[in-house]
Every structure is written in structure tokens, then in C-alpha cells.
**Q** 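Structure below; questions to follow.
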Amino acid sequence: MKQAGENSNSLKMVFRNRPENEKIVRTTAAVFASVLDPTLEEISDFKTAVSEAVTNAIIHAYPKTGGDIEAYFKREDKKITVLITDYGIGIKDVGKSMQPLYSTLHTQERSGMGFTFMEAFADEVKVKSVPGKGTIVKLIKIIGKGEECGENL
Ligand SMILES: Nc1ncnc2c1ncn2[C@@H]1O[C@H](COP(=O)(O)OP(=O)(O)OP(=O)(O)O)[C@@H](O)[C@H]1O
Ligand SMILES: [Mg+2]
């Protein structure tokens, strides 16, 4: 069997939809990316995007029951792919839910900006959701783009 090369790695976590798990996954995301020597801005952006996706799964996926959420991290060279998967209620209209300020939870804490932040802070965001079955949010972050463009000179 082909072994994973030095320039790749992967990690999978399964966790309960408890608020305290957001910090654990966010911190893990930072450690996972740290091998690429990211700038403070890159690491902060990456953590924010992961945090929004994880928070959504914790808060929205299982409104009546508890449930498990999966976080999968994969690195290939400078590209990090993150999949946040839940098996909860799903999203009826993904396009609408990704619009700025759209939220189905009208509490003071929610501003409907989670997907907007993910799109601003990750290089790619894709959402696949089936009502009644669950949601997968895929985030891609490239670390070290600035160096390639000579921005850090
Ligand atoms: N994993 C999920 N399962 C079910 N519904 C979701 C999920 N993620 C997002 N949603 C739906 O998409 C809407 C928009 O999400 P978004 O993160 O943009 O805003 P929010 O979570 O409501 O508020 P904020 O992120 O600003 O606190 C949510 O209000 C919710 O209805
Ligand atoms: Mg949100």
C-alpha cells in the first residue's frame, strides 16, 4: 500500500454537540496548520473559518437532540482541507442560508454572518446539505500564498 508522503497528513475527530468542543476543534485546527509555518493572519483566518463551521454544527444541527459531529483535516503541501460533518436537520435552502445576515436563530448572539466569515477567511467554501440527513461544510485554506506572490519581501 502506498504510504502518505512527508508533505501530507490527516486527522479525524468525532465530538458531541457541546459548546466547549468548539474551542478544542479550533485549537486543533491551529496545531494542524502550524507545521506550515503560517503567518499570524493566516492562522487567525483559518481558525475563524473552522470555528464558524463547527459552531454552526453545534448550534443548528441538533436543535432537539444531542448528536455527533465529525471534523476531518487533510493537508497536501500548502493546502488544508477541512470537512465538518453533522447528521442533523440539514439546511433547506443553502443559497439563502449563506447570504449575509440570514439566520434562523433570532437571539442576540446570532448575527447570520457565519457563512460570510467562512467565505471571507477561507479560500474555498462548499456546503452540501440534505434536510433530515445532515450537512457537510468543506473549507479549503492555502497557507503561504503571500510568499509565492512576493508580498513578504
Ligand atoms: N450545520 C447546520 N445544520 C443546520 N442548519 C445550519 C447549519 N449551519 C448553518 N445552518 C443554517 O444556516 C443559517 C446561517 O448560518 P450562519 O452561520 O451564516 O449564521 P448563524 O449561525 O445563524 O449566525 P452567526 O454565525 O452569525 O452566529 C443558520 O441560521 C442556520 O439556519
Ligand atoms: Mg453561524
Side-chain angles (χ1 to χ4, degrees), residues 4 8-36 38-146 151:
S8 67
N9 192 16
S10 66
L11 172 72
K12 191 169 181 177
M13 307 166 85
V14 182
F15 57 96
R16 204 69 179 156
N17 68 328
R18 297 273 314 150
E20 62 259 42
N21 288 331
E22 182 276 326
K23 189 177 179 189
I24 297 175
V25 183
R26 171 164 44 93
T27 309
T28 303
V31 176
F32 188 83
S34 66
V35 70
L36 292 173
T39 63
L40 282 178
E41 191 183 354
E42 283 172 334
I43 207 77
S44 161
D45 289 357
F46 180 55
K47 279 165 75 180
T48 301
V50 171
S51 165
E52 291 295 340
V54 171
T55 302
N56 275 355
I58 290 173
I59 287 173
H60 300 296
Y62 305 102
K64 295 198 179 117
T65 57
D68 281 346
I69 299 162
E70 294 163 12
Y72 174 68
F73 298 91
K74 184 173 77 172
R75 181 175 66 77
E76 301 150 294
D77 295 323
K78 293 176 171 188
K79 177 179 161 189
I80 300 180
T81 304
V82 183
L83 300 178
I84 305 297
T85 304
D86 68 65
Y87 301 93
I89 58 168
I91 302 173
K92 269 195 216 122
D93 186 338
V94 170
K96 202 170 165 185
S97 75
M98 292 182 80
Q99 282 169 10
L101 304 177
Y102 179 85
S103 180
T104 49
L105 266 191
H106 303 285
T107 62
Q108 266 190 335
E109 269 177 86
R110 309 269 73 87
S111 56
M113 291 301 284
F115 280 123
T116 306
F117 287 149
M118 285 182 238
E119 290 193 308
F121 294 124
D123 292 290
E124 196 180 310
V125 181
K126 278 194 180 151
V127 181
K128 195 178 161 193
S129 192
V130 179
K133 296 232 159 157
T135 302
I136 304 178
V137 175
K138 179 180 177 182
L139 304 171
I140 291 179
K141 182 75 184 165
I142 315 284
I143 304 289
K145 270 190 300 189
E151 276 172 25

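Positions are given from 1 along the sequence. Note that ligands are numbered from 1 as they come in the structure, with each ligand's atoms numbered from 1 the same way.
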**Q** Tabulated below should be the N or O atoms of ligand 1 paired with protein N or O atoms at under 3.5 Å; can you produce that?
**A**
from     : atom 1 : to     : atom 2 : distance (Å)
ligand 1 : 1 (N)  : Asp86  : OD2    : 2.9
ligand 1 : 17 (O) : Asn56  : OD1    : 2.9
ligand 1 : 17 (O) : Asn56  : ND2    : 2.8
ligand 1 : 17 (O) : Gly114 : N      : 3.4
ligand 1 : 18 (O) : Gly114 : N      : 3.2
ligand 1 : 18 (O) : Phe115 : N      : 3.0
ligand 1 : 21 (O) : Asn56  : OD1    : 3.0
ligand 1 : 21 (O) : His60  : NE2    : 2.7
ligand 1 : 22 (O) : Ser103 : OG     : 2.5
ligand 1 : 23 (O) : Gly112 : N      : 3.0
ligand 1 : 25 (O) : Gly114 : N      : 3.2
ligand 1 : 26 (O) : Ser111 : N      : 3.2
ligand 1 : 26 (O) : Ser111 : OG     : 3.0
ligand 1 : 26 (O) : Gly112 : N      : 2.9
ligand 1 : 26 (O) : Met113 : N      : 2.8
ligand 1 : 27 (O) : Arg110 : NE     : 2.6
ligand 1 : 27 (O) : Arg110 : NH2    : 3.1
ligand 1 : 29 (O) : Ser103 : OG     : 3.4
ligand 1 : 29 (O) : Thr104 : N      : 2.9
ligand 1 : 29 (O) : Thr104 : OG1    : 3.2
ligand 1 : 31 (O) : Thr104 : OG1    : 2.4

**Q** Using modelled atom types and a 3.5 Å cut-off, is there a donor and acceptor pairing between side-chain atoms of Glu42 and backbone atoms of Gly144?
**A** yes
**Q** Just how far is it from atom CD1 of Ile91 to atom NZ of Lys96, taken to the nearest 0.5 Å?
**A** 12.5 Å
**Q** Under the ring pair (Phe, Tyr, Trp, His ring centres under 6.0 Å) definition, can you give me all pairs with a residue in residues 45-80, not counting sequence neighbours?
**A** Phe32-Phe73
**Q** Please round to the nearest 0.5 Å and tell me the distance separating atom OG1 of Thr116 and atom CG of Leu101.
**A** 7.0 Å
**Q** Do Val54 and Asn21 have side chains that get closer than 4.5 Å, going by heavy atoms?
**A** no
**Q** Kindly say whether Ile142 contributes a backbone atom to a donor-acceptor pair with the side chain of Asp123 at under 3.5 angstrom?
**A** yes
**Q** For the Mg ion (ligand 2), check which protein N, O or S atoms are under 2.8 Å away and list them.
**A** Asn56 OD1
**Q** Give me the atom names and distance for the closest heavy-atom approach of Glu22 to Thr55.
**A** CG-OG1, 3.4 Å
**Q** Which pair of non-hydrogen atoms, one from Asn17 and one from Gly66, has the smallest distance, and what is that distance?
**A** OD1-CA, 3.5 Å
**Q** Quick one: ring pair (Phe, Tyr, Trp, His ring centres under 6.0 Å) pairs with a partner in residues 100-136, sequence neighbours left out?
**A** none
